[in-house]
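Working notes for the structure below.
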Amino acid sequence: LATLLADSGVKYVFTGHLHANDITSSRSLKGNVIYDIQTGALITAPCAYRTVTFSDSGVEIKSEYVKKIDTSYLDDGYSEKQLEMISSDFSAYAEKFFESGLCKWLNRYIGSAGKLGKLLKLSENSRAYKTLNDLLLNVGAALSLPVYDDGATPGLNDSLEEIAALGKSKIPESDHIMTYQVAAEIMGAFYHGDENADELKETKALLFSCVKAALAYSSARLVESGRTDDLDELVKAVSSSKLLKTNSSFNYNDRLIYPLVEKIVDVMTSGLTDDLCEPSDINVTLEPYGENDASTERYPITFIGKLIRFIKMLTSKIIIFK
């Protein structure tokens with residue numbers, strides 16, 4: 001579709017839905033460039049909107065932010081403390097609101113087999129899917145625990161740090177209290193735009209450690225409850241999915257935990273930590289129409305235009321084949 005639009009003369013496409021500030025580009029084989037300019041939502045931190053100025057010299061894109069709102073327009077139901085926070089520092093309130101919302105997001109993606117099961121192409125009626133679902137229910141519960149032990153409950157494994165220690169692992173040091181805050185830092189960088197993979201490297205490693213501890217602990221609980229055969233079935237399904245690599249020796253850490261953690265973290269952070277395409281996501285001036293437009297032959301975006309294009313393409317392939 002990008003090629004069709006670019007070669008038909010479309011240079012800029014404005015999109016939304018993902019609530020992120022992101023600009024990416026694609027060049028067709030004919031050399032025509034098309035830009036996808038995505039704009040964040042006002043309802044999600046950093047509450048951004050864009051101003052775009054078209055001129056003969058270029059297309060200037062600036063990102064602006066809602067910094068203040070009139071609380072008198074809000075519906076009833078906000079507490080005095082919320083209204084005070086909104087009035088004193090709306091941007092900080094929006095960030096915290098977004099961070100809290102990641103709890104629900106984490107449970108949706110990790111607390112059940114819905115997303116990962118589909119990715120692994122497991123039938124919902126299969127034994128492997130049901131085992132994965134039970135496993136992830138426990139994982140979701142574990143990830144709702146604090147990341148670090150505060151020492152208030154000795155002998156009770158009620159933090160991810162203590163759970164990790166059971167498997168002789170260690171959670172990297174950080175200022176985060178809950179796992180959803182770790183995820184929020186990664187998602188927040190994506191929503192703000194111009195995310196930097198190097199800056200998020202430690203955060204991603206921390207998320208990996210948290211998920212690994214939760215998954216190892218949850219699989220151990222299934223083993224203790226006598227469900228080793230169920231886990232074996234899941235391991236086989238994971239191995240045959242070709243999405244994950246597993247070792248031949250039977251060890252849940254090697255054969256199940258690490259591959260699944262890699263896939264879970266990959267699902268959670270895919271495309272969020274790396275800004276893979278130029279130009280800048282936030283403020284940038286793009287070239288105007290006429291520049292970097294290599295193709296002189298344009299195809300109208302109509303059924304007839306598509307048909308003509310298809311026939312030409314088919315003809316060229318037949319000639320090459322002959």
Side chains of [X] and [Y]: closer than 4.5 Å at any heavy-atom pair?
X: N138; Y: R221; value: yes
X: L122; Y: L132; value: yes
X: Y180; Y: E99; value: yes
X: S87; Y: T71; value: yes
X: S169; Y: K212; value: yes
X: I23; Y: Q38; value: no
X: L135; Y: S219; value: yes
X: I86; Y: Y78; value: yes

Show your reasoning for whether side-chain contact (heavy atoms from CB on, under 4.5 Å) applies to T53 and V59. CA-CA 6 Å; T53 304; V59 177; over 6 Å; no
[X] and [Y]: side chain donor to acceptor below 3.5 Å:
X: S112; Y: N133; result: no
X: Y35; Y: E287; result: yes
X: S123; Y: N125; result: no
X: T203; Y: E185; result: yes
X: D36; Y: T15; result: yes
X: D7; Y: N32; result: yes

Could you walk me through whether D230 and K130 pass the salt bridge (Lys or Arg N to Asp or Glu O under 4.0 Å) test, one step at a time? CA-CA 9 Å; D230 288 341; K130 291 172 183 175; over 6 Å; no
By side chain to side chain contact (heavy atoms under 4.5 Å, CB included) - contacts of T51 (at least two apart):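 Here the qualifying residues are Y49, K62, E64.
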Transitive ILVMFWY side-chain link [X] to [Y], under 4.5 Å:
X: I186; Y: F97; answer: no
X: Y12; Y: V284; answer: yes
X: L137; Y: V139; answer: no
X: L74; Y: F98; answer: no
X: V52; Y: I282; answer: no

Atom of [X], atom of [Y] and distance for their closest heavy-atom approach:
X: S159; Y: E162; result: OG-OE1, 2.8 Å
X: V66; Y: S91; result: O-OG, 4.2 Å
X: L136; Y: A113; result: CD1-CA, 3.9 Å
X: A128; Y: A237; result: CB-CB, 3.7 Å
X: P288; Y: S55; result: CB-O, 3.8 Å
X: T3; Y: S28; result: CG2-CB, 4.1 Å

Could you measure the distance from the [atom1] atom of [X] to the [atom2] atom of [Y]? Nearest 0.5 Å is fine.
X: E95; Y: C47; atom1: CD; atom2: SG; value: 8.0 Å
X: H176; Y: L207; atom1: NE2; atom2: CG; value: 9.5 Å
X: L160; Y: I171; atom1: CG; atom2: CD1; value: 5.5 Å
X: D149; Y: D158; atom1: CG; atom2: CG; value: 6.5 Å

Counting only heavy atoms not in [X], do more than 12 fall under 6.0 Å of its [atom1]?
X: I177; atom1: CD1; value: no
X: L29; atom1: CG; value: no
X: D175; atom1: CG; value: no
X: Q82; atom1: CD; value: yes

Could you walk me through whether R50 and N21 satisfy the side-chain contact (heavy atoms from CB on, under 4.5 Å) test, starting with their C-alpha distance in whole Å, then the side-chain angles of each, then the deciding distance to 0.1 Å, before giving a yes or no? CA-CA 9 Å; R50 296 199 195 271; N21 290 301; 3.8 Å; yes
Before we go on, tell me: are the rings of Y289 and F54 under 6.0 Å apart, centre to centre?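 Judged by ring-centre distance (under 6.0 Å), Y289 and F54 do not meet the cut-off.
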Go through it in stages, so that I can follow the logic: the residues are L145 and I163, the test is side-chain contact (heavy atoms from CB on, under 4.5 Å), and I'd like the CA-CA distance, side-chain angles, deciding distance and then a yes or no. CA-CA 10 Å; L145 297 173; I163 286 174; 3.7 Å; yes
